[in-house]
Amino acid sequence: MTTTTGPHPTRRLILQGTASVVLFGLGNLAFAPARAAANDKYPEDAFKQKSEADAIKALYGKTAEPSEKVKLDAPEIAENGAVVPISVTTTLDKVTSISFFVAENPNALAASYRIPDGTMPSIANRLKMAKTTNVVAIVEADGKLFSATKEVKVTVGGCGG
Amino acid sequence: MKASISLLRGSLGAALVAFALAVPSVSAADKVDPAADAKAFQKFFFKKFPDVKHDDFVNGPYSMNEDMKRQWQEKEEFPPYEFSLDAGKEMFATPFKNGKTYADCFPNGGIGIRQNYPYFDTKEGKVVTLELALNRCREANGEAPYSYVKDEMASLTAYMAFTSRGKPMDIKIPDDPRALEAFENGKRYFYTRRGQLNFSCASCHVQSPGERIRAEILAPALGILNAMPIYRSEWSGMGTISRRFITCNSQTRAVPLEPQADEYRDVEYFLSYVANGLPISGPGARP
Amino acid sequence: MASSIRVRATANGDITEVQALIQHPMDSGFVKDAKGELIPPHFIQELKFACNGKEVFVADWGPAVSKDPYVKFSFKGGKKGDDLKISWTDNKGGSDEITAKIA
Amino acid sequence: MSAAMQRSLVLAMLLLSSLAPPARAANEADYKAAYAAAEVASKEASGMRNQWTTTVSTLAAAKKAGDGGDFDGAVAAAKEAEALAKASIVQATSEKEAWKAMEIR
């Protein structure tokens with residue numbers, strides 16, 4: 001949102017704001033039902049997939065390309081595999097869904113979020129990781145998939161029984 | 001030339017001072033001097049970790065490792081001990097069957113007093129820890145005592161710790177030979193090697209804090225009880241001081257003593273006293 | 001029984017930041033109990049947030065979400081005093097729901 | 001560190017002495033004797049409040065083997081439990097003074 005410096009900046013801003021929202025809303029309307037219908041129910045099948053590739057295909061039906069615009073924040077070494085703080089944020093526009101995958105967990109898909117219009121594309125959550133593996137964040141923006149990957153080391157703590 | 005002479009004199013002076021220090025400390029070892037012990041204990045850690053802020057030591061492993069500290073701060077935004085804290089607050093407000101509450105057993109209604117525990121009870125001639133005092137309060141009011149290692153006790157101590165957050169640890173040792181003996185007994189326990197792995201508390205928390213055993217970073221012994229009770233991801237649940245001592249014992253393959261055994265009460269007394277001045281940061285979240 | 005949902009929703013300007021912590025075991029079905037038996041899967045599957053009746057966030061969770069799950073997000077269009085309804089259902093048909101006020 | 005070296009030497013020796021293979025197949029009497037000796041040492045160790053978890057588990061294994069009639073296994077386990085218990089006794093006695101070496105002064 002560029003800030004204009006005219007005498008009544010706020011009034012102009014509001015006008016601009018409402019105009020773009022209406023446009024965006026209309027534009028979105030056409031797509032929304034198609035996309036919303038696709039993933040508005042619990043993606044049972046995707047959660048059952050073993051590998052990350054199969055889970056992505058089951059969830060979105062297309063493949064993702066890595067993108068610098070997706071910032072995945074995860075620790076170098078997880079302090080504990082049961083509670084790993086992982087968050088993602090993106091500067092991509094028109095984001096409708098964000099999902100997290102832990103590649104070598106029994107089932108790769110860990111969590112998937114539906115981002116309605118007006119919700120910011122950035123999420124923090126705490127996931128379980130079975131062992132050292134790649135964490136992948138997938139962002140669905142304007143119908144296309146973008147990804148970011150980071151390896152997180154996980155080992156058992158303590159000095160043993 | 002001048003510089004080197006002063007250097008020489010300086011090093012000579014230092015040697016003399018060191019020698020002077022060594023001699024009395026040998027004889028001091030026999031006479032129990034908690035204040036000197038506490039000063040030496042704190043100086044050891046402040047010198048070993050010069051860039052760790054003194055108050056930061058109470059954050060255990062998180063004062064030793066940046067990556068871990070970031071994970072901790074993220075957890076602290078909405079900490080997992082939140083539920084235990086709320087449960088403790090509720091329990092504190094719920095009267096016993098006889099109408100009394102915990103507030104009636106403790107000075108200042110139990111609010112903001114955690115930093116004074118454990119204390120030495122001159123009548124009983126023994127150290128009384130917060131967990132022990134809570135169970136004695138329950139028994140005095142006709143209620144069954146809680147397990148020292150389960151959630152109820154952790155919730156109560158979590159709430160009492162929370163009401164003392166930020167207050168400096170303030171443990172007193174009365175001028176009573178039995179109190180000095182309890183302090184010394186706690187110190188001996190802390191440094192004694194046990195279990196088949198032949199470790200003492202000091203082997204990990206004095207010789208190698210900041211280093212890793214597998215994924216975990218070892219916490220420094222200074223202020224190690226200030227954050228108690230803790231929610232440990234490892235246990236995915238709350239841990240009281242008793243639970244921590246018992247699991248530490250079994251990890252070195254030593255058979256744990258019964259909760260609130262004299263040795264545990266005394267080592268808690270020792271560890272809390274030497275952390276005097278450092279803030280209470282409980283309840284804590286740990287790996 | 002106190003609700004299983006703890007939520008903090010703070011509005012600054014047009015953006016409301018929401019943090020939620022939910023008391024739930026989130027058992028994955030892969031963990032054994034002390035007696036060596038597998039603890040059956042028991043985890044929240046769907047978590048919904050609605051502000052003034054409009055859905056602002058939906059989480060589909062699997063068993064890999066940590067115990068006592070936490071999530072943080074933010075959305076536009078909410079302001080101080082608005083209602084934020086949070087509801088979850090788990091794979092055993094359990095559920096809970098609260099309505100919080102945006103601070 | 002020589003005291004620590006010395007101590008672990010003693011521990012190693014104790015463990016080695018227990019593993020000498022019995023000449024003939026053990027019978028119930030051998031098992032009973034070996035188990036009794038192990039139990040005495042284990043009681044002394046726990047009396048000094050310095051019992052090892054491995055002593056307890058090895059002793060239990062000895063009993064289980066003995067009850068199951070595997071006297072060879074039972075004698076071996078009982079001897080090992082005795083050695084472990086004795087090692088923990090050595091540890092407790094030597095630590096009475098040795099702890100001062102690590103004390104922060």
Side-chain angles (χ1 to χ4, degrees), chain A residues 1 13-14 17 21 32 36 39-49 55 59 73 78 80-89 95-130 133 135, chain C residues 8-9 11-22 24-31 38-39 41 43-79 82 84 88-91 93 95:
Chain A
M1 290 288 279
L13 255 181
I14 294 168
V21 163
N39 63 11
D40 66 351
K41 59 176 177 35
Y42 183 69
E44 192 78 38
D45 184 33
F47 275 110
K48 287 204 172 43
Q49 300 306 320
L59 193 58
D73 183 13
N80 189 293
V83 182
V84 184
I86 294 171
S87 56
V88 75
T89 187
V95 170
T96 49
S97 167
I98 292 181
S99 300
F100 292 91
F101 300 80
V102 180
E104 285 167 60
N105 265 5
N107 303 95
L109 176 59
S112 171
Y113 299 93
R114 294 175 232 158
I115 315 288
D117 173 33
T119 298
M120 319 297 287
S122 101
I123 296 174
N125 54 177
R126 296 169 188 165
L127 302 179
K128 295 181 203 166
M129 293 183 63
T133 183
V135 171
Chain C
R8 281 189 211 140
N12 31 48
D14 185 25
I15 296 178
T16 304
E17 187 187 78
V18 179
Q19 291 181 315
L21 186 76
I22 300 161
H24 196 281
M26 299 303 280
D27 294 323
S28 62
F30 296 108
V31 176
L38 269 180
I39 302 168
F43 56 88
I44 290 174
Q45 292 186 313
E46 202 171 65
L47 170 70
K48 282 196 172 136
F49 293 78
C51 177
N52 301 340
K54 171 179 173 291
E55 211 169 70
V56 291
F57 192 68
V58 175
D60 296 322
W61 279 346
V65 174
S66 299
K67 175 178 188 279
D68 298 338
Y70 165 83
V71 70
K72 176 166 92 170
F73 68 97
S74 33
F75 69 97
K76 287 196 191 128
K79 54 187 179 331
D82 279 0
L84 185 67
W88 59 259
T89 53
D90 66 24
N91 66 325
S95 69

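By convention in this document, chain letters (A, B, ...) are assigned in the order of the sequence lines, proteins followed by strands, and residues within each chain are numbered from 1. A quick note: this is a predicted structure, and the numbers were derived from the prediction, not measured.
- Lys54(C) approaches Asp117(A) most closely through the heavy-atom pair NZ-O, 3.4 Å.
- Neither the backbone nor the side chain of Leu47(C) has a heavy atom closer than 4.5 Å to any heavy atom of chain A.
- Interface check for chain C: of the options Asn125(A), Leu127(A), Ile115(A), the most heavy-atom pairs under 4.5 Å are formed by Leu127(A).
- In this structure, Ala82(A) and Ser66(C) approach most closely via the heavy-atom pair O-OG, 2.8 Å.
- Closest approach of Pro116(A) to Val56(C), counting heavy atoms only: CD-O, 3.3 Å.
- Counting heavy atoms from C-beta on, the side chains of Ser28(C) and Lys128(A) come closer than 4.5 Å.
- A parallel orientation is assigned to the rings of Tyr113(A) and Phe57(C), their planes being inclined by less than 30° (bins at 30° and 60°).
- Considering every non-hydrogen atom in both Thr119(A) and Ser74(C), the closest pair reads CG2-O, 3.5 Å.
- Here the shortest heavy-atom pairing between Tyr42(A) and Gly62(C) reads OH-CA, 4.1 Å.
- Within the 4.5 angstrom heavy-atom criterion, only side-chain atoms of Phe43(C), from C-beta onward, approach chain A.
- There is no contact between Ile44(C) and chain A, counting heavy-atom distances below 4.5 Å.
- Interface check for chain A: of the options Gln45(C), Met26(C), Gln19(C), Lys76(C), the most heavy-atom pairs under 4.5 Å are formed by Gln45(C).
- Counting heavy atoms from C-beta outward, Val83(A) and Tyr70(C) have side chains that stay 4.5 Å or more apart.
- Ranked by heavy-atom pairs under 4.5 Å with chain C, the list Met129(A), Met120(A), Glu44(A) is led by Met120(A).
- Using a 4.5 Å heavy-atom threshold, the side chains of Asn105(A) and Phe30(C) count as separate.
- In terms of heavy-atom pairs under 4.5 angstrom with chain C, the leader among Ala124(A), Ala110(A), Pro85(A), Ala130(A) is Ala124(A).
- For the atom pair NZ (Lys41(A)) and CD (Glu46(C)), the distance works out to 11.0 Å, reported to the nearest 0.5 Å.
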